*Asks:* 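Take a look at this one; I'll ask things after.
So you know, we letter chains A, B, ... as the sequences are listed, proteins then strands, and number each from 1. Just so we're clear, the structure is a prediction, and the values are computed from it rather than from any experiment. Scope of the values below: all heavy atoms of this structure, side chains included, with no hydrogens, waters or symmetry mates.
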2 protein chains.
Amino acid sequence: MPVPDPLPSLPPTKQGTCPVRDVLDRLGDKWSTLLLVTLSHGAQRFNALTRSVPDISRRMLAETLRQLERDGLIWREVAPSTPPAVSYGLTPLGLSLMPVLATLIHWADRHQPAIAEARVRFDAGARKP
Amino acid sequence: MPVPDPLPSLPPTKQGTCPVRDVLDRLGDKWSTLLLVTLSHGAQRFNALTRSVPDISRRMLAETLRQLERDGLIWREVAPSTPPAVSYGLTPLGLSLMPVLATLIHWADRHQPAIAEARVRFDAGARKP
DNA sequence: CAGAATCCCCCAAGATACTG
DNA sequence: CAGTATCTTGGGGGATTCTG
């Protein structure tokens, strides 16, 4: 039974990189989504982010922030004080992504029990005795 | 300027695994999303999928399908014929994910030009001469 | 305080080959 | 046809150290 087509056919699975894949890859990396969500609660400074996301290393924090800034999803502001104070926050573009992300997170949260149950069933039935 | 909070605060960033992270990880892996989208156009058999997604190896196809099946997002049906014919398709759970995915893909597609432009600007301004 | 630079390890995933 | 099995490699990402 063919399903009513809810999706635009993907931009031809070109040899190169698909723009959609491009975005999904970023959301799929270990920290981007978490940082975006964190920043959606308000702009924060570097070390504050270290505290908000305890498991992240400074290395990955800096790198991920840079990627997000490069993509125009967050802004970066350096206050010319000593010691320097650098803040990060969502741009309008980044902000426009949040509802989409919220939908996704909501789906995940809502169906997490079903997924957990499916896993249990699968793991129970898959072994050969 | 704090942003109106569009997101449920994440389930405590527990030491263990966050259910949301769990789902995002799967969507972020290299093939899951592509396979889900492909299957949303209708159930397909194993070799048909290798043709629909030319770049995937049989190894990764089998493995990804198994993960998706384990999570209850797709079903797997073995027709007892020789040679065996195995079909895959979306479950209701998988189906319920598609609109969410479609929204995400739509966002990516819609804002891809803005992202590309942001990257160009960033790359132009970041170097130290 | 906010990073950049290095080193290093581990495993996701490609290539290849074999099987019920 | 629909997969497993084995081998191998690239690079994601942690720990640590250095700087303006």
Side-chain angles (χ1 to χ4, degrees), chain A residues 13 15-17 21-22 24-35 38-39 43-70 74-89 122 125-128, chain B residues 13 15 17-18 21-22 24-35 38-39 43-71 74-89 122-123 125-128:
Chain A
T13 313
Q15 286 299 55
T17 13
R21 146 98 323 126
D22 221 40
L24 289 195
D25 280 355
R26 176 113 327 137
L27 296 187
D29 81 11
K30 204 172 179 183
W31 302 110
S32 293
T33 303
L34 197 50
L35 282 177
T38 301
L39 288 177
Q44 287 189 45
R45 291 176 45 183
F46 191 88
N47 269 6
L49 284 170
T50 301
R51 270 169 261 117
S52 297
V53 187
D55 306 2
I56 201 172
S57 64
R58 293 218 298 298
R59 166 132 152 47
M60 288 317 294
L61 179 55
E63 184 172 312
T64 306
L65 286 172
R66 172 185 289 257
Q67 292 305 317
L68 293 174
E69 184 195 1
R70 183 172 116 96
I74 68 176
W75 48 259
R76 184 186 116 112
E77 193 183 40
V78 183
S81 55
T82 57
V86 182
S87 305
Y88 296 89
F122 184 89
R127 301 295 167 200
K128 307 284 178 184
Chain B
T13 313
Q15 287 297 57
T17 13
C18 161
R21 147 91 334 120
D22 221 39
L24 289 194
D25 281 353
R26 175 112 330 134
L27 296 186
D29 80 12
K30 205 172 179 185
W31 301 111
S32 293
T33 303
L34 198 49
L35 283 177
T38 300
L39 289 178
Q44 287 190 45
R45 292 177 44 183
F46 190 89
N47 270 6
L49 284 170
T50 62
R51 269 170 262 119
S52 298
V53 187
D55 307 1
I56 200 172
S57 64
R58 292 218 297 295
R59 173 152 158 24
M60 288 316 294
L61 178 55
E63 186 172 313
T64 306
L65 287 172
R66 174 186 288 258
Q67 292 306 316
L68 293 173
E69 185 196 359
R70 184 171 116 97
D71 284 2
I74 67 176
W75 47 259
R76 184 186 116 111
E77 192 183 40
V78 184
S81 55
T82 57
V86 183
S87 306
Y88 296 88
F122 184 89
D123 293 346
R127 302 297 168 198
K128 307 283 178 186

*Asks:* Restricting to salt bridge (charged side-chain N to carboxylate O under 4.0 Å, His left out), what partner residues turn up for B:Arg59, sequence neighbours left out?
*Replies:* B:Glu63
*Asks:* Taking 4.0 Å as the cut-off, does a side-chain nitrogen or oxygen of A:Arg45 come that near to OP1 or OP2 on C:dA2?
*Replies:* yes
*Asks:* Starting at atom CZ of A:Phe46, determine the distance to atom P of C:dA2, rounded to an integer number of angstrom.
*Replies:* 7 Å
*Asks:* Roughly how many Å is it from CD in B:Glu69 to C1' in D:dA2, rounded to a whole number?
*Replies:* 14 Å
*Asks:* Using the side chain to side chain contact (heavy atoms under 4.5 Å, CB included) rule, take A:Leu27 and B:Leu27 through it: C-alpha gap first, then chi angles, then the decisive distance, then the call.
*Replies:* CA-CA 9 Å; A:Leu27 296 187; B:Leu27 296 186; over 6 Å; no
*Asks:* Which nucleotides of nucleotides 7-20 of chain D have their base under 4.0 Å from a protein heavy atom (B), which only their sugar-phosphate (S), and which neither (-), written as one string 5' to 3'?
*Replies:* ------BBB-B--B
*Asks:* Between D:dA2 atom P and B:Arg66 atom CZ, what is the distance in whole Å?
*Replies:* 16 Å
*Asks:* Looking at residues at least two apart in the chain, or sitting in another chain, which of them share a side chain to side chain donor-acceptor pair (under 3.5 Å) with A:Arg70?
*Replies:* B:Asp123
*Asks:* For A:Arg45, which residues count as a salt bridge (charged side-chain N to carboxylate O under 4.0 Å, His left out) partner, sequence neighbours excluded?
*Replies:* none
*Asks:* Name the closest nucleotide to the A:Asn47 side chain, picking from D:dC1, D:dG3, C:dA2.
*Replies:* C:dA2
*Asks:* Between B:Tyr88 (OH) and D:dC1 (P), how many Å, whole number?
*Replies:* 14 Å
*Asks:* Compare the minimum distances between each of D:dG3, C:dG3, C:dA2 and the side chain of A:Arg76, then state the nucleotide with the smallest one.
*Replies:* C:dG3
*Asks:* Report the distance from atom CG of A:Leu65 to atom P of C:dA2, rounded to the nearest whole Å.
*Replies:* 11 Å
*Asks:* Of all residues at least two apart in sequence or in a different chain, which pass the side chain to side chain donor-acceptor pair (under 3.5 Å) check with A:Glu77?
*Replies:* none
*Asks:* How long is the line joining CD of A:Gln44 and P of C:dA2, in whole Å?
*Replies:* 11 Å
*Asks:* Go through the structure and list residues passing side chain to side chain donor-acceptor pair (under 3.5 Å) with B:Gln44, not counting sequence neighbours.
*Replies:* B:Ser52
